[in-house]
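Working notes, structure below.
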Number of protein chains: 2
Amino acid sequence: MNSKLSKRTKLLDQGVYLLMNQGYHATGINEIVNAVQVPKGSFYSYFGSKEEFAAESINHYIEPFIQLLTRHLQHSQADPLTALKNYYAELIVAVEKNGYKGGCLLGNLMGEIGDTSELCNQALKSAVERYKALQYKALLQAQKQGTVRNDRSAEIMANLLVNNWQGALLRMKIEQSVQPLHEFCDTLLNDYFVA
Amino acid sequence: MNSKLSKRTKLLDQGVYLLMNQGYHATGINEIVNAVQVPKGSFYSYFGSKEEFAAESINHYIEPFIQLLTRHLQHSQADPLTALKNYYAELIVAVEKNGYKGGCLLGNLMGEIGDTSELCNQALKSAVERYKALQYKALLQAQKQGTVRNDRSAEIMANLLVNNWQGALLRMKIEQSVQPLHEFCDTLLNDYFVA
DNA sequence: ACAAAATATACGACCGGTCGTTTATTTTGT
DNA sequence: ACAAAATAAACGACCGGTCGTATATTTTGT
C-alpha cells in the first residue's frame, strides 16, 4: 500500500505550507499531524526530529520550482532570458493568487534558522545552490546567444537574481503588494541584464 | 533616577540582540529579563505584550543605522555615492566582526512575522521606509551631482539597494561569508549605479 | 517634625496551555 | 502465537501572561 508513503508526503506538503506561512518555531508538530490526520506518534516513525523534518521540507519545497524552471528553459521555444521572464511572471501570478502570503520557504527559514540549525543550514545551502545553478546556466546560455550582456559574469547576475528576489519577497510581505516583484523583473530581467 | 528608563533601554537592547540572533518565536520573555536582571513582572509594566516589545525593538534597532548613515551623508566631504559606499563598507566590517551572526533584525522579522503580526508589520514598514528614504535622497543628490546615472529613477535604485542587501544578508547567513555583501557593493554601488 | 495611613511600584510564584519527544499499549499481518 | 508497525497517552520543560503580596514612596493628620 502506498498510504504510508503518501502519508509521509502529506506531512511534508503540510509542513511546507505551515513552515512557509508561520515559520519554524511557530509551527508545532501537533498542528502538522492534526492537519493531515496522522497520529503524533507516527510522525516520529517518518522523521527523526522536527529539525530533520524541516530539512526534508526544504528539499520537498524547492523541487517543484526547479522542475518548473527547467520546463520553462527546456520546453520553451523562447530564448533563455525570455524563459526566465516567463518563469518569474508565472511565479508572480501564483503568489498574487495566494494573497501575498508566506513568500519563500527558503528565504524565511534562512532568516529564522539559517545559522542556528546545522541540518537546515545544509539543506538551505544545497537548495539555494541548485536553484541558483539553474539560473546561472540559463544566463550563460543567453549570453552566448547574445540576448544577455556579456560584460558581466553570469555568476554575478545569478546571485543578483536570487538575492534580489528574496529581498523583493520580504518587501512584498510587509507591503502586501506584488509591486516589488514586478519591479524586480523590470529592473533586472528587462534592463540590467539585457545586452 | 534614570534606572527605570535605563532598565527599559537595557531590555530593548537585549531584545534587539536576541530577536536578531534567534528570531521572535525562539526568544522568550524569561530569556530577555534574566539577561538584564529585570523581574519578569516588571517587563509587563514597561511593555504591554511581547508583540509590542518586538515592535519597539524594531524601532530601537533601526535608529543607530539611520544615524550612522546620516552622519556619513552629512559630515562627510565625499559625494553621496562615496558616502553610501563608506557606510556599507563600515557595515560589512561590523558584521564580519560579529561572525556573520544574525544578519538584519528587519529582514529576519519581515520573514518570520512580517505578515502575521499587525503591530510588527507597521513597525517594519515604517522602519524600512525611513531607512529607504534616506538612501533615496542620497541617490537623488548624487544624480544631481552627476556621480550616479540619471537614466534610472532614484526610487528604483533605492529599492534595489534595500532589497539586494537583505538578500545578500540571507546568503551571508547560510554561507557564513561576507562575500555576498562585497559582491553587493561591487555590483550596485560600483557598477550599476555609476553614471 | 513626625508617625500613620494611603498609594504606587516591584516582584516572583503561578496560571492554563503547548512544546518536542518518549514510551507503553494496541493493532496488524503472517 | 508472535514480531512489527501504528497509535494514544504521558512526559518534563517551557511558553506568554497574571496576580497577590511585599516593599517603597507619598500623603495626611496633628
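Residue numbers begin at 1 in each chain, while the letters A, B, ... track the order of the sequences.
For DNA chain C, the residues of residues 15-28 of chain A within the heavy-atom distance limit of 4.0 Å (strictly under) are Thr27(A), Gly28(A), sorted by number. DNA chain D is contacted by no residue of residues 110-124 of chain A, taking any non-hydrogen atom closer than 4.0 Å.
A distance-only check finds no donor-acceptor pair linking the side chain of Thr147(A) to the backbone of Leu81(A) [under 3.5 Å]. Listed for the Ser42(A) side chain is no donor-acceptor partner under 3.5 Å among the backbone atoms of Val38(A). No donor-acceptor pair under 3.5 Å is formed between the side chain of Arg149(A) and the backbone N or O of Phe193(A).
For Leu181(A), the side-chain contact (heavy atoms from CB on, under 4.5 Å) partners are Ile92(A), Val95(A), Trp165(A), Ala168(A), Leu169(A), Met172(A), Val178(A), not counting sequence neighbours. Tyr100(B) is linked by a ring-ring contact (aromatic ring centres under 6.0 Å, His included) to nothing, counting only residues two or more places apart in sequence or in another chain.
Taking atom CG on Asn30(A) and atom P on dC11(D), their separation rounds to 16 Å, with Å as the unit. Straight-line distance from the CD1 atom of Ile32(B) to the C1' atom of dG17(D): 14 Å, rounded to whole Å. Tyr46(B) places its OH atom 11 Å from the P atom of dT9(C), with the value rounded to the nearest Å. The distance between atom CZ of Phe53(B) and atom C1' of dC15(D), rounded to the nearest whole Å, is 16 Å.
Comment: Glu90(A) does not engage Arg71(A) in a salt bridge, judged by the lack of any side-chain N to carboxylate O separation of less than 4.0 angstrom. Note on Arg171(A) versus Glu183(A): no salt bridge recorded, every NZ/NE/NH1/NH2 to OD/OE distance being 4.0 Å or above.
Taken together, the paired segments of DNA chain D that extend over three or more consecutive Watson-Crick or G-U pairs, each closer than 3.5 Å at both contacts, are C:1-30 with D:1-30.
Between Gln145(B) and Pro80(B), the shortest heavy-atom contact is OE1-CD, 3.4 Å. When every heavy atom of Leu73(B) is checked against every heavy atom of Ala138(B), the shortest pair comes out as CD2-CB, 3.6 Å. Residues Met110(B) and Lys173(A) approach most closely at O-CD, 3.5 Å, considering heavy atoms.
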Under the side-chain hydrogen bond (donor to acceptor under 3.5 Å, both in side chains) criterion, do Glu112(A) and Gln22(B) qualify, and how do the steps go?
-> CA-CA 7 Å; Glu112(A) 188 181 356; Gln22(B) 307 182 335; over 6 Å; no

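Judged by a 6.0 Å distance limit and a 45° cone about the ring axis, Lys101(A) is not positioned over the six-membered ring of Tyr17(A). Under a cutoff of 6.0 Å and an axis angle of 45°, Lys50(A) and Phe43(A) do not form a cation-pi pair.
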Under a 4.0 Å heavy-atom criterion, the protein footprint on nucleotides 21-29 of chain C, written with B, S and -, is BB-------

